[in-house]
Amino acid sequence: MTTIDNHIESLLTHWCLHKNKCQWVLATVIETQGSAYRKAGAMMLINDLGQFFGLVSGGCLESDVMRHAKQCLVSGENKIVTYDMQDDSDISWQLGIGCGGMVKVLLQPLLESNQYLQLEQVLKLLKQGLPVNYHVNAGDKLADNTVLSSDYDSDANRLVFTLAPRVKLIIFGAGSDAIPLVNMAKQLTWHVNLIDSRPSYGRKSLFGQADNIIKASFTELSNHPEILAADIAIIMTHNLTLDAKALSLCQSLNLKYCGLLGPQHRTERVLRIAKMTIDALTTPLFNPVGFDIGGELPESIALSMLSQAHACVHGKLELAKQHNVLVKRGFKNAV
């Protein structure tokens, strides 16, 4: 059974498979003020069977949003619902919301007459690994949304949200300590490729959550589509030569983050084997990899590495650089 996580690609994949079996409403957070669990652009899908997929809050608004969604299905029109914890007369107080902010949610029926709000096109682009500029029409009673190449729209009633594809992670090395890394990355809704050519490594029975297990030499993967599409690479083969080959491959990729497991004196040896210098690295190398959060278990190490990689991918690079970044520490050339 396929797990439905909260990533928009997962939600739309489920909806697309069932869109003709029941009636659906798209709920989108279009505005927030003050504290809010989800921000503008968060989406959930609701059907007339009383099911919802995704979240527009921390779980406190969803039941009431579903009630309004039923009204949308009856009227066939859009509806905007505002929850304002700044107003003690608002229903938010009855719902027990404690964040203290305002959340405005747009409800839109998904109908053939409004081209299902272009969600099929959105899904197609996300599956291609492309970000989508999604224009949500909040003005008319029944208006369609559009997918445009530009993030600019002169229509004041249209709000533009960028829907990002899944983060794509490649892990070089399929030892036992990679198991929690794969599992946690999947919990983050990331797409995970595990690479190891060694016969006894990367068994499907241990890495069932990995999207792909690639049994090939690192030197054969320079044109592999999964590798070329990667956002993040973590190198953890525990073998100096294999680490060097993986690092060389990573330097040819357009990565947002590259981490190498092991202490800095070991990384000196990896760089010498790869015949590389720090100055020659096209992608900053994080080593020792991960935030210093304490703990020695593989689960703790996986958490520290994923936290740092997550910070980089989501624009918190300076936060990551406050920690163990090889380049920032002025690591000397190894060759």
Side-chain angles (χ1 to χ4, degrees), residues 1-7 9-10 13-14 126-127 129 164-250 253 255-262 266 270 283 285-291 293 295-313:
M1 181 177 178
T2 302
T3 301
I4 305 171
D5 57 48
N6 290 304
H7 192 278
E9 183 180 322
S10 185
T13 297
H14 180 78
L126 289 174
K127 285 190 171 182
R166 293 184 186 277
V167 172
K168 294 177 175 60
L169 166 67
I170 48 176
I171 302 170
F172 294 93
S176 297
D177 60 339
I179 295 173
L181 185 64
V182 170
N183 295 343
M184 288 184 190
K186 290 304 297 179
Q187 284 288 308
L188 289 171
T189 76
W190 292 2
H191 181 88
V192 180
N193 291 294
L194 185 67
I195 308 172
D196 205 316
S197 62
R198 293 171 289 185
S200 61
Y201 287 73
R203 287 176 290 178
K204 186 68 176 178
S205 58
L206 296 177
F207 295 99
Q209 291 200 48
D211 293 282
N212 295 299
I213 299 175
I214 302 173
K215 304 290 289 184
S217 170
F218 301 159
T219 57
E220 301 171 1
L221 296 172
S222 59
N223 294 316
H224 195 292
E226 292 285 353
I227 307 305
L228 293 174
D231 301 297
I232 295 170
I234 294 178
I235 303 170
M236 49 187 304
T237 71
H238 300 283
N239 178 287
L240 290 169
T241 301
L242 291 178
D243 278 3
K245 291 179 179 180
L247 182 59
S248 296
L249 175 58
C250 287
L253 304 177
L255 296 170
K256 298 176 182 175
Y257 177 93
C258 181
L260 174 60
L261 189 65
R266 181 184 185 278
V270 171
T283 299
L285 180 63
F286 287 71
N287 174 264
V289 62
F291 288 144
I293 60 173
E296 298 179 353
L297 296 175
E299 290 79 3
S300 298
I301 296 169
L303 177 61
S304 73
M305 292 190 293
L306 290 175
S307 298
Q308 190 179 62
H310 193 283
C312 283
V313 168

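Just the heavy atoms: all of them, side chains too, but no hydrogens, waters or symmetry mates, feed the values below. Since the model is a prediction, treat every value here as computed from it, not as a measurement.
Within the model, atoms CD of Glu226 and CG of Asp211 stand 8.0 Å from one another, a figure rounded to the nearest 0.5 Å. Here the OG atom belonging to Ser222 is positioned 10.0 Å from the CD1 atom belonging to Ile227, to the nearest 0.5 angstrom. Atom SG of residue Cys250 and atom CG of residue Leu285 lie 9.0 Å apart, to the nearest 0.5 angstrom. Atom OG1 of Thr13 is separated from atom CG of Leu126 by 8.5 Å, given to the nearest 0.5 angstrom. Atom CG of Leu303 sits about 5.5 Å away from atom CE of Met184, to the nearest 0.5 Å. To the nearest 0.5 Å, atoms CG (Leu228) and CG (Leu253) are separated by 6.5 Å.
A 6.0 Å sphere centred on CZ of Phe207 holds more than 12 heavy atoms belonging to other residues, nucleotides or ligands. For Lys245, the NZ atom is loosely surrounded, since the number of other residues' heavy atoms within 6.0 Å does not exceed 12. Within 6.0 Å of CZ in Arg203 there are 12 or fewer heavy atoms belonging to other residues, nucleotides or ligands.
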ask   = What do the steps show when you test Gln308 against Tyr257 for side-chain contact (heavy atoms from CB on, under 4.5 Å), and what is the final call?
value = CA-CA 9 Å; Gln308 190 179 62; Tyr257 177 93; 2.5 Å; yes

inquiry  = Run Leu260 and Val289 through side-chain contact (heavy atoms from CB on, under 4.5 Å) and show every step you take.
reply    = CA-CA 6 Å; Leu260 174 60; Val289 62; 5.8 Å; no

request  = Run the numbers on Met236 and Leu181 for side-chain contact (heavy atoms from CB on, under 4.5 Å), then give the verdict.
outcome  = CA-CA 11 Å; Met236 49 187 304; Leu181 185 64; 3.4 Å; yes

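Looking only at side-chain heavy atoms (C-beta outward), Leu261 and His238 come within less than 4.5 Å of each other. Inter-residue side-chain proximity for Phe291 and His310 is flagged as unmet; no heavy-atom pair is nearer than 4.5 Å. Here the side chains of Gln209 and Ile179 are not in contact, with every heavy-atom distance at 4.5 Å or above. Residues Asp177 and Ile301 are not in side-chain contact: their nearest non-hydrogen atoms beyond the backbone lie 4.5 Å or more apart.
Listed for the His7 side chain is no donor-acceptor partner under 3.5 Å among the backbone atoms of Trp190. A donor-acceptor pair is defined here as one N or O able to donate and one able to accept, closer than 3.5 Å; no such pair exists between the side chain of Lys186 and the backbone of His191. When atom types are taken as modelled, the side chain of Asp231 and the backbone of Val167 share no donor-acceptor pair closer than 3.5 angstrom. Side-chain atoms of Arg198 come within 3.5 Å of backbone atoms of Thr237 as a donor-acceptor pair (strictly under, hydrogens ignored).
Between Arg166 and Asp5 there is a salt bridge, since a side-chain N of the basic residue sits under 4.0 Å from a carboxylate O of the acidic one.
Using a 30° and 60° split on the angle between ring planes, Phe218 and Phe172 fall in the perpendicular class, above 60°.
Of all the heavy atoms in Leu242 and Asn239, the pair that sits closest is N-OD1, 2.9 Å. Shown here for Gly262 and Asn287, the closest heavy-atom pair between the two residues is O-ND2, 2.7 Å. Counting all heavy atoms, side chain and backbone alike, Cys258 lies closest to Ile235 at SG-CD1, 4.2 Å. Here the closest non-hydrogen pair linking Ala174 and Asp196 is N-OD2, 2.9 Å. Closest heavy-atom contact between Gly129 and Pro165: O-CG, 3.5 Å. Residue Leu194 comes nearest to Ala178 through the heavy atom pair CD1-CB, 4.5 Å, listed as atom of the first residue, atom of the second, then distance.
If you check the side chains of Asn193 and His224, you find no donor sitting under 3.5 Å from an acceptor.
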